[in-house]
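Lettering follows sequence order; numbering is per chain, from 1. Side chains included, hydrogens not; waters and symmetry mates left out as well; all remaining heavy atoms used.
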Amino acid sequence: MQCERGAFNRMNGYLFAGYTVIWTILVLYLLYLNKKQRQMSEKLKTLSQALRHEHLEE
Amino acid sequence: MWLESSSRFLKSSERCLKWAFWLLIPLYICGVAALWGAFLHAPTEREMGEVQRIFYFHVGSAWTAFFAFFIVFLGGVFYLVRRNLFWDELAAASAEVGVIFTTIVLTTGPIWARPIWNTWWPWGDPRVTTTLVLWLIYVAYLILRSTLPEAEKRARFAAVFGIIGFIDVPIVWLSIRWWRTIHPVVITSSGAGLEPEMVQALMIAVLMFTVLYLTLLFVRTAMRLQDSAADEMVHAVRERSV
């Protein structure tokens, strides 16, 4: 490939869009994981309490 | 019995989270280095200009997606041999992360293609089409998993699907050699047709995406194992109430 250092042209908009898309996809996935993790922690907490409660009743 | 397997899942989950935690510092270092490599170290390509810098993260995520689907393949094989649900959860987590990276490939590709090829999506191009098929295969894999409630059956079906689905990965890789294409053939048997600084930037980006993939894989596997532990607890609660 031929190279030219420091050249800026009109294609910068596409470059910006490309990297914006990458970060957006990654951030959305991390938010999804965060939401799922919170729901899971809640579920595990409730189930542990239910099991502990039954254990005490026995 | 249910509680025993539940605590085993939780222990494996803790181990996965610990591995993910240890990868955070290398991930940060690699992330900074990859941005430096793509934007400052690599020279501007004369014909394509600045937009060519998408290439480093585009190829990095493509490599990681292939690796992720290879782990789905391995997870499927290990599950069928050992019948241990850990391998199934690992494969499922890897498929999900692989789909994310393939989505990055399929969205950054057209953004690069528009100014270079004057089209967003060249339908006749074999690599573009086979990559889309790859994405659809693993989306179907995830949908298949969500439709099967029984863990053993789900794991068995998914393992077979994951093994057969992997066939598309070498097809994607070799498509630019097998068929006529406008996709650039950068890495050939005689080496990479790139400037040394571009190769270095590409290698750093590939390393960063690999570390990112491993971190996400461990986090997602840990979450899936917690989910399995919760299912076992539900069984335990039901068993006791009966």
* **Residues in salt bridge (Lys or Arg N to Asp or Glu O under 4.0 Å) contact with Asp125(B), at least two apart in sequence or another chain** => none

* To do: Only counting residues at least two apart or in another chain, list the ones meeting salt bridge (Lys or Arg N to Asp or Glu O under 4.0 Å) with Arg145(B).
  => Asp88(B)

* Asked: Side chains of Met198(B) and Phe55(B): closer than 4.5 Å at any heavy-atom pair?
  -> no

* Interface residues of residues 16-38 of chain B facing chain A - non-hydrogen atoms under 4.5 Å apart -> Leu35(B), Ala38(B)

* Asked: Going through the distances and angles, do Tyr19(A) and Phe39(B) end up as a ring pair (Phe, Tyr, Trp, His ring centres under 6.0 Å)?
  -> CA-CA 11 Å; Tyr19(A) 278 86; Phe39(B) 286 96; 4.8 Å; yes

If you count heavy-atom pairs under 4.5 Å between each of [options] and chain A, which one has the most?
{"options": "Thr103(B), Thr107(B), Thr108(B), Asp227(B)", "answer": "Asp227(B)"}
{"options": "Ile54(B), Val234(B), Val97(B)", "answer": "Ile54(B)"}
{"options": "His58(B), Arg114(B), Arg220(B)", "answer": "Arg220(B)"}
{"options": "Ile100(B), Leu212(B), Val219(B)", "answer": "Ile100(B)"}

* Asked: Among all residues two or more places apart in sequence or in another chain, which pass the ring pair (Phe, Tyr, Trp, His ring centres under 6.0 Å) test with Phe101(B)?
  -> Phe209(B)

* To do: Could you label the plane-to-plane angle of the Tyr213(B) and Phe67(B) rings as parallel, tilted or perpendicular, counting under 30° as parallel and over 60° as perpendicular?
  => perpendicular

* **Within 6.0 Å of CH2 in Trp112(B), more than 12 heavy atoms from elsewhere** => yes

* What are the two closest heavy atoms between Lys43(A) and Asp231(B), and how far apart are they? -> NZ-OD1, 4.1 Å

* With a 4.5 angstrom heavy-atom cut-off, which part of Leu26(A) approaches chain B: side chain, backbone, both or neither? -> side chain

